[in-house]
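Structure first, commentary second.
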Amino acid sequence: LRKAALSMVMVVILELAAVHHADLVLRAIAGFCCLCTHGRLRGADGNCIRGIDLVVTRAPGGGIANGFIEGVSTATKTGRSKEKQAAFLPLVLPACGLAMDDWFSSFLESRRILGLDEMPSVASAEAGGVGEGVMLLPSMHGDRSTPISADELTGAIHRLLHTAGFSEVDTRNLASHSMKATWLTATGKAGVDLHTRQLLGFHVPKGESSALNYCRDNLAKPMEILASAFAAVKAGEFLPDADRAERWPLDDRVPLATQVERLLGK
């Protein structure tokens with residue numbers, strides 16, 4: 001059964017948890033979920049990342065004004081050709097979240113407190129060549145030498161969303177695969193063309209087999225389109241979770257932050 005995408009409010013809940021949750025383990029898992037969601041990745045794909053950088057412009061107050069998280073990965077479930085297994089694939093995602101602009105720094109800090117090895121930079125990973133590398137997030141409830149499992153991620157997502165007020169009915173068709181589906185579904189509803197969505201989702205467009213399809217230059221335009229979708233969602237200009245006729249409100253636009261406040265009653 002194909003799993004549903006996370007709603008935009010649910011994504012905000014994960015960002016908030018990645019920064020503020022009192023439980024360190026859940027905070028770290030929420031950060032990993034944010035990385036996978038905004039990076040259009042499955043949980044298993046997240047642990048294929050071998051190097052990662054935060055490339056941003058800082059605002060006067062110290063927060064992130066704009067920029068991207070850039071990484072290199074050795075594989076994704078949708079790209080396991082011999083060519084891709086022997087070369088790094090680029091990962092790019094917006095650094096600013098829907099609510100918490102610096103959730104990624106909080107995720108790295110959670111990993112540090114948990115005693116996990118620091119993630120190499122992209123340059124360091126590329127210099128070392130394709131290999132096993134550092135595990136981004138191991139299992140939190142079992143053998144720490146194994147990656148966090150899909151079931152573990154699914155359980156954490158449900159727990160975090162239930163705590164925020166979502167019901168069992170709201171989450172029954174959500175699982176770890178929902179993270180990858182979220183922005184691919186939202187951009188589809190926004191009318192983004194299929195080729196762009198294929199590149200965003202690390203799928204090889206028909207007739208194009210080279211890993212060079214995923215070089216950062218080729219991802220530049222898709223990332224610009226994704227960043228525009230982020231901005232429209234935050235401003236309440238685009239509501240991907242609404243009925244088809246109500247996704248682009250002309251009047252009474254409600255910013256996403258207000259939508260979350262209404263859900264939480266705060």
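- Leu116 and Ile113 fall within a single hydrophobic cluster, where Ile, Leu, Val, Met, Phe, Trp and Tyr are joined by side-chain heavy atoms under 4.5 Å apart, directly or via other members.
- Linking ILVMFWY side-chain heavy atoms closer than 4.5 Å, directly or via other members, places Met223 and Leu194 in two distinct hydrophobic clusters.
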Atom pairs and distances, donor-acceptor, side-chain atoms in residues 255-264, under 3.5 Å, two or more places apart:
unit_1, atom_1, unit_2, atom_2, d
Gln259, NE2, Val254, O, 2.9

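- Looking only at distances, a side-chain donor or acceptor of Arg111 sits under 3.5 Å from a matching main-chain atom of Asp117.
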Inset, instruction - Evaluate side chain to side chain donor-acceptor pair (under 3.5 Å) for Thr196 paired with Asp193, printing each intermediate quantity in order. - result: CA-CA 6 Å; Thr196 297; Asp193 66 275; 2.8 Å; yes
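- Follow the hydrophobic side-chain contacts under 4.5 Å out from Val25 and you reach Leu35 in the same cluster.
- Although no hydrogens or angles enter the test, the distance criterion places a donor-acceptor pair under 3.5 Å between the side chain of Thr37 and the main chain of Cys33.
- In this structure, Phe32 and Leu136 have side chains that are in contact, with non-hydrogen atoms separated by less than 4.5 Å.
- Annotation: the span from Ile69 atom CD1 to Phe107 atom CZ amounts to 10.0 Å, rounded to 0.5 Å.
- Within the 3.5 Å criterion, the main-chain N or O of Glu246 finds no donor-acceptor partner in the side chain of Asp243.
- Residues Ser105 and Asp102 bring a donor and an acceptor atom of their side chains to less than 3.5 Å of each other.
- Residues Leu24 and Ser110 are in side-chain contact: their nearest non-hydrogen atoms beyond the backbone lie under 4.5 Å apart.
- Cluster annotation: Leu239 and Leu98 are assigned to distinct hydrophobic clusters (Ile/Leu/Val/Met/Phe/Trp/Tyr, side-chain heavy-atom contacts under 4.5 Å, transitive).
- Side chain of Ser178 to main chain of Ala4: a donor-acceptor pair is present (N/O by atom type, distance under 3.5 Å, no hydrogens or angles).
- Using a distance-only test at 3.5 Å, with no hydrogens or angles considered, no donor-acceptor pair links the side chain of Lys180 to the main chain of Cys36.
- Leu161 is listed as a side-chain neighbour of Ile13, based on a closest heavy-atom distance under 4.5 Å.
- Within the model, atoms CG of Leu108 and CD1 of Ile52 stand 7.5 Å from one another, a figure rounded to the nearest 0.5 Å.
- When each of Val19, Leu54, Leu93 is paired with Phe104, the side chain to side chain contact (heavy atoms under 4.5 Å, CB included) condition holds for Leu54 and for no other.
- Proximity of a side-chain donor or acceptor of Arg247 to a complementary backbone N or O of Lys189 within less than 3.5 Å is not detected.
- Using a 4.5 Å heavy-atom cutoff, the side chains of Arg50 and Val122 are not in contact.
- In this structure a side-chain-to-backbone donor-acceptor pair under 3.5 Å is missing from Thr187 to Val192.
- By the rule that hydrophobic residues join a cluster once side-chain heavy atoms approach within less than 4.5 Å of another member, Ile225 and Phe230 end up as members of separate clusters.
- Not one N or O on the side chain of Glu70 forms a donor-acceptor pair closer than 3.5 Å with the backbone of Val92.
- Considering only heavy atoms from C-beta on, Trp183 comes within 4.5 Å of Met8 through its side chain.
- In this view, Phe238 and Trp248 satisfy the ring-ring contact (aromatic ring centres under 6.0 Å, His included) rule, not counting sequence neighbours.
- With values rounded to the nearest 0.5 angstrom, Arg42 atom CZ is found 13.0 Å from Leu153 atom CG.
- Under the 3.5 Å distance criterion, with hydrogens and angles disregarded, a donor-acceptor pair is assigned to the side chains of Thr57 and Asn66.
- In terms of modelled atom types and a separation under 3.5 Å, the side chain of Glu152 and the main chain of Met140 share a donor-acceptor contact.
- Contact of the Thr171 side chain with the His162 side chain is registered, since non-hydrogen atoms from C-beta on lie closer than 4.5 Å.
- Under the 30°/60° scheme for interplanar angles, the aromatic rings of Trp103 and His38 are found to be tilted.
- You'll find the side chain of Leu6 reaches within 4.5 Å of the side chain of Leu174, heavy atoms only.
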